[in-house]
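Quantities reported herein were computed from a predicted structural model and do not represent experimental measurements. By convention in this document, chain letters (A, B, ...) are assigned in the order of the sequence lines, proteins followed by strands, and residues within each chain are numbered from 1.
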2 protein chains.
Amino acid sequence: MSIAEPLPRYAEIRRALEEKILSGEWPPGHRVPSEHDLVAQFGCSRMTVNKALSALAAAGLVVRRRRSGSFVAAPKSQETVLEVHDIKAEITGSGRTYRYVILDRERRRARPEDLARLGVARGVIEVEAITVLHFADECPFVHEKRLINLAVVPAAAREPFAVSPPGTWLLEQIPWTEAEHTIRAENAAADVAHHLAIARGAACLVVARRTFQAGTPITAVTLTYPGERHQLVARFSPATR
Amino acid sequence: MSIAEPLPRYAEIRRALEEKILSGEWPPGHRVPSEHDLVAQFGCSRMTVNKALSALAAAGLVVRRRRSGSFVAAPKSQETVLEVHDIKAEITGSGRTYRYVILDRERRRARPEDLARLGVARGVIEVEAITVLHFADECPFVHEKRLINLAVVPAAAREPFAVSPPGTWLLEQIPWTEAEHTIRAENAAADVAHHLAIARGAACLVVARRTFQAGTPITAVTLTYPGERHQLVARFSPATR
DNA sequence: CCAGATTTATTGTCTAGACAAAATTGCGCC
DNA sequence: GGCGCAATTTTGTCTAGACAATAAATCTGG
């Protein structure tokens, strides 16, 4: 049994409508009663039912059109929320000891492939290219190859990254407005396999992240996780949106 | 230049606050003016600033506490929204021809490993176990191993899956309330490699999805994508939440 | 100085209205 | 019948207030 906590009225209304939709009683395309009707049905003000309906619309369960009404949305694609943690926080958060080493570091003019990784078509920018290996309990955890746009974060060139790895440091330095992830599987190349202490050709999970601030790229990072030791978990329920 | 469309007042206020936060002018922990102050500053009613602040709280940019006030949230973890499409829709949507074959099919009492895949501790349930291979433009696209809980979807045992593959058919049959994904990389096993027409041991992206309705498992599916031909893309910007 | 009671600031929710915007419906006119 | 205009419905936004819940701050008696 779940405890009967006092839900606010708008949440109650939202639940009631959600139940009709998720149970299939109201199939996709079905017309949801108008705000006016719901006001009469639930005996509350229109702002309250509006709050419930707006939340359902934001969650993608209904589509609302002026003059036409609200309709149950077609379940076209499943969305799932993936949490991408800071590596240092992820490891220390699970009670393991964290350590990292900087394998390589170079300041250079962005090469064509660097520009592609950062997600810009062309241009002349200086980048800091850093390769880091992260350890959890002294076991190689993830291999990181990062580019930092020095036009946006000039301090990165002077930072020794002695206490915090580049990712953690950057997160504290500048806020980001957009992020893009691509996730793929790759057979480990010789050098990465060596650093991660896995067999050459072993499957690795590769997460590439690009971070932008108002359209300009800040950093691009490629994280290579050993396949047999790592997985990403994502959960989604429309009710919690 | 972007067109200057007339934003609603609450969106304007939200933007203004967001700008302060994302630019770093208001660092994490900084106190956001109270609703009362914002009402005076923007010359509108409290409901309007409340709507803006609530949206920022929902997006995770601020944390609100009664009597204490609203504070800029610490950017602790990046969230990203992954869209998981229906395979048939994904392929036909990009203009390729879609085809599938059922490689194997069996109705059986759930084995211990089946129960684990479905996410239940124990119990006696009948499952339909189906293996499907999907093609895009006659090229093997993804290998699917699925379990369907026949206690919830008894019709699955009688369905020939002649026109729609099990995943697409299920999506039309019953609504789901929760979904859980795990994403990992694996070296292709001999049989999967054979079906996908890739080398044995080639890196594959494995997406395992469990779908529930109000806590009871509906289906568990393991999708194996050839690593060199597939990747997942996820985008996130807090402003669009 | 401390424990407990009281005040107060702040957010959370709600109401009963108002006007605007959009899109459908229906009507009148040609 | 067809076209254009007006009426109507429904959602989108907003207001000015109200009371409740929470937790910090302050006051008070010992």
Exercise. Tell me, please, which residues at least two apart from A/H134 pass ring pair (Phe, Tyr, Trp, His ring centres under 6.0 Å).
Key: A/Y98
Quiz item: When you check the gap from the basic side-chain N to the acidic O, do B/E35 and B/R64 get nearer than 4.0 Å?
Solution: yes
Quiz item: So which of residues 42-54 of chain B are in contact with DNA chain D, with a heavy-atom cut-off of under 4.0 Å?
Solution: B/C44, B/S45, B/R46, B/M47, B/T48, B/K51
Exercise. Give me the one residue out of B/T222, B/L170, B/V132 that meets side-chain contact (heavy atoms from CB on, under 4.5 Å) with B/R146.
Key: B/L170
Practice problem: If a pair satisfies side chain to side chain donor-acceptor pair (under 3.5 Å) and one of its residues is in residues 149-166 of chain A, list it, with sequence neighbours excluded. | Solution: A/E159-A/W169
Pick out the pairs of N or O atoms, protein on one side and nucleotides 24-27 of chain D on the other, that lie under 3.5 Å.
from	atom 1	to	atom 2	distance (Å)
D/dA24	N3	B/R67	NH1	3.1

Which whole-number value in Å describes the distance from [X] [atom1] to [N] [atom2]?
{"X": "A/L7", "N": "C/dC14", "atom1": "CG", "atom2": "P", "answer": "10 Å"}
{"X": "B/E12", "N": "D/dT13", "atom1": "CD", "atom2": "P", "answer": "13 Å"}
{"X": "B/R64", "N": "C/dA9", "atom1": "CZ", "atom2": "P", "answer": "18 Å"}
{"X": "B/H36", "N": "D/dG17", "atom1": "NE2", "atom2": "C1'", "answer": "14 Å"}
{"X": "B/R31", "N": "C/dA9", "atom1": "CZ", "atom2": "P", "answer": "12 Å"}

Quiz item: What about A/H143 and A/Y225, are their ring centers closer than 6.0 Å?
Solution: no
Quiz item: Between the two ends of the helix from C/dT10-D/dA21 to C/dC30-D/dG1, what is the bend in degrees, rounded to 10 degrees, where each end axis spans five pairs?
Solution: 10°
Practice problem: State, yes or no, whether a side-chain contact exists between B/I130 and B/I148 at a heavy-atom distance under 4.5 Å. | Solution: yes
Practice problem: Select from A/P8 and B/V32 the residue whose nearest nucleotide in DNA chain C is closer to the 5' end of that strand. | Solution: B/V32
Under-3.5 Å N/O pairs linking protein and nucleotides 3-6 of chain D:
none

